[in-house]
Amino acid sequence: MLYIRSLRGADYDTDHYLVVPKVRERMAVSRQAAQKFDVDRFNLRKLNELEVRKQYQIEITKQVCSFGELKC
């Protein structure tokens, strides 16, 4: 719980006060799901090679041109 307030002006015709909490929930991530993301990482060091970089640029240009945002 992050924050709790009691509202004294709540009109419910009772001698109790309305309590409103602010709660943050966290979801548990299984280890299998966390390891799954490690497999899909990119090897950016390969972009230092000239041929790989040119091929990457060509592929990106093709994808952007297919959306019609760039004049190719």
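- The shortest non-hydrogen separation linking Leu47 to Arg53 is O-NE, 3.0 Å.
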Assess the residue pair Gln55 and Glu51 against the criterion (side-chain hydrogen bond (donor to acceptor under 3.5 Å, both in side chains)); give the C-alpha distance rounded to whole Å, side-chain angles, the decisive distance to 0.1 Å, and a yes or no. CA-CA 6 Å; Gln55 184 64 31; Glu51 290 298 320; over 6 Å; no
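- With hydrophobic clusters built from ILVMFWY side chains whose heavy atoms lie under 4.5 angstrom apart, Leu44 shares a cluster with Ile60.
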